[in-house]
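Step one of this worksheet: look at the structure below.
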Amino acid sequence: MANIFTKAFWTQSYYIPAPPLTEKNLPDQNGRVHIVTGGYAGVGRQLSAILYGKGATVYIAGRSEQKAEDAMRQIKEEHPSSSGHLHFLFLDLNDLSTIKPTVENFLSQESRLDVLVNNAGVMIPPKGTKTAQGHDLQFGTNVLGPFLFTKLLIPVMAQTAKTAAPGSVRVIWAASLAIQVMSPNGGGIILDGSGAPKILDSQQTNYGQTKVANVLLAFKTQELYGSQGIRSVSFNPGNLKTELQRHSTGLMMKVAESMLYPAIFGAYTELYSGWSEEIGADKSVTKGIGNGLADRVWEWCESETAKFL
């Protein structure tokens, strides 16, 4: 495991290519509508600024209206000539009961959604931290919340795809290097007898499992809704200095900090995943996922969120 970590982290720290899509060559986004979860901090904030600068309508989704207002004011000051629009959308991924009202609020304002960016997440919070429904905080915030949010938005995305450019309507999911270096061996997720992911002693391992789940959800979303014109993409944002590490401590974190990149590079990765014309259906998901694991994770998510649809 140490060798895998060293090789993966070293490659991702020192051998990354130049971003092929940035604010300099992103096409005009006027008339397009996007949601960026966690869009007022870190990578999400950088992506929101790029999109707004190109004329997009951007819904910055998260729990803190004050943080969103501060970010939106700053973004507007950075792009005074933009024809775009910025809106705050309250979204609490920790509480499944609030997600449908959030979607209803969005749909009361918009009739299209071009790209959904599942950017928000939590990494290694204190052990035992739970969501409003009693789920492990990492699984609730990183997996169940985005699953429900995405599922409720699929109809408007499918409707948008009928008139949008082929392949341009997308949902993108944040994966991580943690898949290789933190998730358990033998599949990446350990399920118990009921089909639920096991909550293990290590919060690092639990985080790795949630990132594997994000890739599996991306795979199943493409499988189920690709025929409706929706493209589903998972991505590794890279080694970044963001608020995601707010719970991380110790010597490893101190060493890692010297190899972290500014959040803008994660935004460029998201930009490529959600907006590059190079992302075709053959590149949109991880292929070759075996043993039905994606099906079982999807079924667990469906069972846990069914009463909140």
Side-chain angles (χ1 to χ4, degrees), residues 21 23 25-41 43-63 65 68-69 71-73 75-76 78-79 81-93 98-120 145-174 218 221-222 225-226 228-233 235 267-268 270-277 279 284:
L21 186 62
E23 63 275 14
N25 59 337
L26 175 69
D28 183 83
Q29 296 293 304
N30 273 283
R32 304 191 77 211
V33 178
H34 312 309
I35 296 176
V36 182
T37 69
Y40 47 63
V43 173
R45 190 262 189 227
Q46 297 289 340
L47 179 64
S48 296
I50 293 172
L51 297 172
Y52 174 75
K54 288 293 186 175
T57 294
V58 183
Y59 282 79
I60 293 179
R63 290 186 295 174
E65 184 171 7
E69 292 294 340
M72 290 190 293
R73 183 183 66 254
I75 290 170
K76 288 177 180 178
E78 293 166 7
H79 302 277
S81 62
S82 173
S83 60
H85 303 278
L86 290 172
H87 304 282
F88 169 65
L89 182 67
F90 175 79
L91 174 67
D92 185 359
L93 295 172
T98 69
I99 294 180
K100 186 175 183 179
T102 293
V103 172
E104 291 172 342
N105 180 22
F106 172 77
L107 294 177
S108 72
Q109 302 175 72
E110 301 290 345
S111 59
R112 69 179 296 133
L113 176 58
D114 294 271
V115 183
L116 168 59
V117 183
N118 285 317
N119 165 80
F147 170 85
L148 179 59
F149 191 49
T150 300
K151 193 168 186 181
L152 289 168
L153 288 167
I154 286 293
V156 70
M157 298 185 78
Q159 185 64 33
T160 303
K162 292 179 180 179
T163 56
S168 66
V169 176
R170 301 182 193 177
V171 51
I172 67 175
W173 309 75
T221 299
Q222 179 68 35
Y225 304 111
Q228 297 181 41
I230 298 171
R231 194 154 290 171
S232 181
V233 184
F235 62 89
Y268 290 152
E270 293 187 337
L271 195 66
Y272 182 80
S273 301
W275 287 265
S276 173
E277 294 181 0
I279 301 290
S284 58

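This one's a predicted model, so the numbers in the text were calculated from it and none came from an experiment.
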Worksheet item: So, the side chain of T98 versus the backbone of D92: is there a donor-acceptor pair under 3.5 Å, distance only?
Response: yes
Practice prompt. Side-chain contact test, heavy atoms from C-beta onward, threshold under 4.5 Å: evaluate it for M72 versus I60 and give yes or no.
Written response: yes
Would you give me the side-chain donor-acceptor pairs under 3.5 Å for residues 152-167, sequence neighbours excluded?
{"unit_1": "Q159", "atom_1": "OE1", "unit_2": "K162", "atom_2": "NZ", "d": "3.4"}
{"unit_1": "T160", "atom_1": "OG1", "unit_2": "L113", "atom_2": "N", "d": "3.0"}
{"unit_1": "T160", "atom_1": "OG1", "unit_2": "V156", "atom_2": "O", "d": "2.7"}
{"unit_1": "T163", "atom_1": "OG1", "unit_2": "T160", "atom_2": "O", "d": "3.4"}

Practice prompt. Determine, stepwise, if the pair T57 / L51 fulfils side chain to side chain contact (heavy atoms under 4.5 Å, CB included).
Written response: CA-CA 8 Å; T57 294; L51 297 172; over 6 Å; no
Worksheet item: Are the side chain of T102 and the backbone N or O of F90 linked by a donor-acceptor pair below 3.5 Å?
Response: yes
Discussion item. Tell me whether the count of non-hydrogen atoms from other residues, nucleotides or ligands lying under 6.0 Å of CD in E104 goes above 12.
Written reply: yes
Item to complete: Calculate, to the nearest 0.5 Å, the distance between atoms CD and OH belonging to E277 and Y272 respectively.
Response: 11.0 Å
Practice prompt. Might you point out which heavy atoms bring V117 and W275 nearest each other, and give the distance in Å?
Written response: CG2-CH2, 3.7 Å
Worksheet item: Would you find a donor on one side and an acceptor on the other, under 3.5 Å apart, between the side chain of Q109 and the backbone of N105?
Response: yes
Worksheet item: From L107 CG over to K100 NZ, what is the distance, rounded to the nearest 0.5 angstrom?
Response: 11.0 Å
Item to complete: For the pair N119 (side chain) and V36 (backbone), establish whether a donor and an acceptor sit closer than 3.5 Å, ignoring hydrogens and angles.
Response: no
Worksheet item: Do D114 and S168 meet the criterion of a side-chain donor-acceptor pair at a distance under 3.5 Å?
Response: no
Discussion item. Tell me the closest heavy-atom pair linking A218 and W173, and the distance in Å.
Written reply: CB-CD1, 3.4 Å
Worksheet item: How far does CD1 of I172 sit from NE2 of H34, to the nearest 0.5 angstrom?
Response: 10.5 Å
Practice prompt. Determine the sole option in E270, E23, H79, Q29 for which the side-chain contact (heavy atoms from CB on, under 4.5 Å) test with I50 is passed.
Written response: E23
Practice prompt. Could you tell me whether the side chain of L26 reaches within less than 4.5 Å of the side chain of L21, counting heavy atoms only?
Written response: yes
Practice prompt. Check whether any side-chain heavy atom of L86 sits under 4.5 Å from a side-chain heavy atom of K76, and report yes or no.
Written response: yes
Worksheet item: Is there a donor-acceptor pair under 3.5 Å between the side chain of S48 and the backbone N or O of G39?
Response: yes
Worksheet item: Which heavy atom in F106 sits nearest to a heavy atom in R112, and how many Å separate them?
Response: CZ-O, 3.6 Å
Discussion item. On a heavy-atom basis, which atom in A120 and which in G38 lie closest, and how many Å separate them?
Written reply: CB-N, 3.7 Å
Worksheet item: Atom CD1 of I75 and atom OH of Y52: how far apart are they, to the nearest 0.5 Å?
Response: 9.0 Å
Discussion item. Are L116 and F149 packed together at the side-chain level, in the sense that at least one heavy-atom pair is separated by less than 4.5 angstrom?
Written reply: yes
Worksheet item: Looking at residues at least two apart in the chain, or sitting in another chain, which of them share a salt bridge (Lys or Arg N to Asp or Glu O under 4.0 Å) with K151?
Response: E302
Worksheet item: Do E78 and R45 sit within salt-bridge range, that is, some charged N less than 4.0 Å from a carboxylate O?
Response: yes
Response to the item:
Value for OH (Y59) from CG (L89), rounded to nearest 0.5 Å, stands at 8.0 Å
Worksheet item: Would a distance-only check, ignoring hydrogens and angles, find a side-chain to backbone donor-acceptor pair under 3.5 Å from K54 to P27?
Response: no
Item to complete: For the residue pair I99 and L93, establish whether any side-chain heavy-atom pair is separated by less than 4.5 Å.
Response: yes
Fill in: Sequence-distant partners of D28, side-chain hydrogen bond (donor to acceptor under 3.5 Å, both in side chains), two or more places apart
N30
Discussion item. Could you check whether any side-chain N or O of R170 sits under 3.5 Å from a backbone N or O of S273, counting only pairs where one atom can act as donor and the other as acceptor?
Written reply: yes
Worksheet item: Checking S232 side chain against T221 main chain: does a donor-acceptor pair fall under 3.5 Å?
Response: no
